[in-house]
Amino acid sequence: MEFNRDLYLQRLIAGMGSPLIKVITGIRRSGKSYLLFTLFTRYLKNQGVSDNHIIKIAFDDLENINLREKVALYKHIKSRIIDSDMYYVLLDEIQYVPEFEEVLNSLLHIENADTYVTGSNSRFLSSDIITEFRGRSDEIRVQPLSFREYYEGLGGDKNERLDEYMRFGGLPIVALMNDAEKKISYLKEVGEKIYLSDLKQRHSIKNDVEFSSLLDVLASGIGTLTNPQKLSNTFRSVSHVTITPATISRYLDYYSDSFLISKARRYNVKGKNYIDTPAKYYFADIGLRNARLDFRQVEPTHIMENIIYNELCSRGFQVDVGVVEVYDRNASGNSIRKQLEVDFVVNKGYDRYYIQSAYSYSDDSKRQQETASLKHIPDSFERIIIIGNGGKPYRDENGYRIIRLLDFLLEDSL
């Protein structure tokens, strides 16, 4: 069984021959190595590239232990390049090589070396590596399986697969497991022993309990506006623990830099400016989120919002949280300012969409709640409401497109 990662494969193909290092990033176990060594290698061979012009090195393989030294590695690659044709250098788990940045910088000077690199620890996965090679690298961010990739790989009943996906997420290795208990055990173990342990070690975290607890708080509150001060207050009132907003801000940056969570900033639709705080945080994989909470809070409303956010990001959109300021009158007749929320303000190039996530959309009060902010947006970009269940897509009396989650996830685009 094979999952189609055509979205990322096409991004690799588009970057072929450019004088940049292709840096494949993303959370661990999202399929980076498979993308590079299986799917991309197969493409190269189908295009007529010979085996001796594909230099593949997996540094987690003991067979290549002698190449985990920067000078030895560079000399080995240089010795394999014996003519003027293009060579494709595929380096997997590069973090095993100390000072690997020097090797990558040196490869940039070889005109017929097209270099692709992945890594799987927080040092490589963090945004530091992108900063190090800014202007000299092309980042391909690999997400866990989208639902469309998940369903095309597994088949079966669409609704049942969506239920699985909303519970266990899209890590490929988890998707291939047949037993629910094995999925749960794996997600809990990998979340604690690989993701968190690596971050704690890298950043020399002393307060292990608080560091882990903060991730639990974020997991419990996906789709909720928050900020470091509010989170600090939560720790003080609930756990009777004092963690300063500055410390929480650093911890949030650590999670974000490792791609474990993503921060969605608030955008004032009418004022056309960003609001620094509060913000929303979403998990890169919903299965890891559910595992942090021992699968106790598998509520479809917030999970659906997280999945929509990830889907939009994987399609290459810039995704923000929208706010629309309106004025109303209170019971005394005085004018008051209100802020209405737009779940997502979605941009790509000149295209923009306003999207609401509404798991339930069955009664008039709920429909009025979801459309209130959309009605006050002063432009003509398309409004979309994604609902949990329903029939075929349609447009309501306001011209808003109504589409159920399953159809949205299986479409190619908005």
Side-chain angles (χ1 to χ4, degrees), residues 5 8-9 11-13 15-41 43-44 53-81 86-144 172-173 190 194-195 197-199 201-203 254 257-260 284:
R5 311 310 307 268
Y8 306 107
L9 178 60
R11 290 175 184 174
L12 286 177
I13 293 170
M16 288 176 60
S18 71
L20 300 172
I21 293 173
K22 272 60 73 173
V23 180
I24 303 171
T25 64
I27 65 169
R28 287 188 173 196
R29 311 300 170 91
S30 58
K32 300 182 299 296
S33 300
Y34 185 80
L35 171 67
L36 188 62
F37 272 13
T38 300
L39 300 180
F40 187 58
T41 297
Y43 173 82
L44 292 175
H53 281 70
I54 304 174
I55 303 173
K56 296 167 54 176
I57 305 173
F59 294 102
D60 60 345
D61 189 335
L62 283 176
E63 185 178 1
N64 297 315
I65 193 170
N66 293 330
L67 299 179
R68 295 180 187 174
E69 193 276 321
K70 62 180 181 181
V71 175
L73 173 60
Y74 179 73
K75 287 183 176 179
H76 171 79
I77 295 172
K78 195 74 183 296
S79 70
R80 296 275 301 274
I81 300 175
M86 184 63 72
Y87 284 78
Y88 298 90
V89 182
L90 316 183
L91 306 177
D92 189 40
E93 306 288 4
I94 191 66
Q95 77 277 355
Y96 280 91
V97 181
E99 301 177 318
F100 63 82
E101 296 91 341
E102 293 187 39
V103 179
L104 300 183
N105 276 321
S106 297
L107 291 175
L108 285 170
H109 299 294
I110 303 176
E111 292 185 357
N112 61 328
D114 196 8
T115 304
Y116 303 75
V117 56
T118 80
S120 289
N121 71 349
S122 60
R123 166 66 185 96
F124 184 88
L125 293 179
S126 76
S127 57
D128 292 352
I129 190 67
I130 304 303
T131 302
E132 176 79 21
F133 290 95
R134 180 162 291 149
R136 296 170 292 164
S137 66
D138 179 16
E139 181 189 10
I140 293 91
R141 179 80 58 85
V142 175
Q143 306 273 9
I173 193 170
V190 76
I194 294 183
Y195 295 102
S197 294
D198 195 32
L199 285 171
Q201 181 178 7
R202 181 189 176 202
H203 298 290
Y254 297 159
D257 284 348
S258 67
F259 309 128
L260 188 57

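Everything numeric here is computed off the predicted structure, so don't read it as measured data.
When side chains are defined from C-beta on, L35 does not count as touching T118, because their heavy atoms never get closer than 4.5 Å. You'll find the side chain of V23 stays beyond 4.5 Å of the side chain of L104, heavy atoms only. In this structure the side chain of Y8 reaches within 4.5 angstrom of the side chain of Q143, judged on heavy atoms. Considering only heavy atoms from C-beta on, I55 comes within 4.5 Å of I81 through its side chain. At a threshold of 4.5 Å between non-hydrogen side-chain atoms, the residues I77 and I57 count as touching.
Put simply, the side chain of E69 gets close to the backbone of A72: a donor and an acceptor are under 3.5 Å apart. Side-chain atoms of T41 come within 3.5 Å of backbone atoms of L36 as a donor-acceptor pair (strictly under, hydrogens ignored).
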Worksheet item: What's the verdict on side chain to side chain contact (heavy atoms under 4.5 Å, CB included) for R11 and D138, showing C-alpha distance, side-chain angles and the deciding distance?
Response: CA-CA 10 Å; R11 290 175 184 174; D138 179 16; over 6 Å; no
Run the side-chain donor-acceptor check on residues 59-66: report pairs under 3.5 Å with partners two or more places apart or on a different chain.
unit_1 : atom_1 : unit_2 : atom_2 : d
D61    : OD1    : E63    : N      : 2.9
N64    : ND2    : A58    : O      : 2.9

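Here the closest heavy-atom approach between residue P144 and residue S30 is recorded as N-CB, 4.1 Å. For the pair E139 and T25, the tightest heavy-atom approach, listed with the atom from each and the gap, is OE2-OG1, 2.7 Å.
Taken from CD1 in I13 to OH in Y43, the straight-line distance is 4.5 Å, to the nearest 0.5 Å.
For the pair K22 and D114, the salt-bridge criterion is met [side-chain N within less than 4.0 Å of a carboxylate O].
Ring planes of F40 and Y88: perpendicular class, angle over 60° (limits at 30 and 60°).
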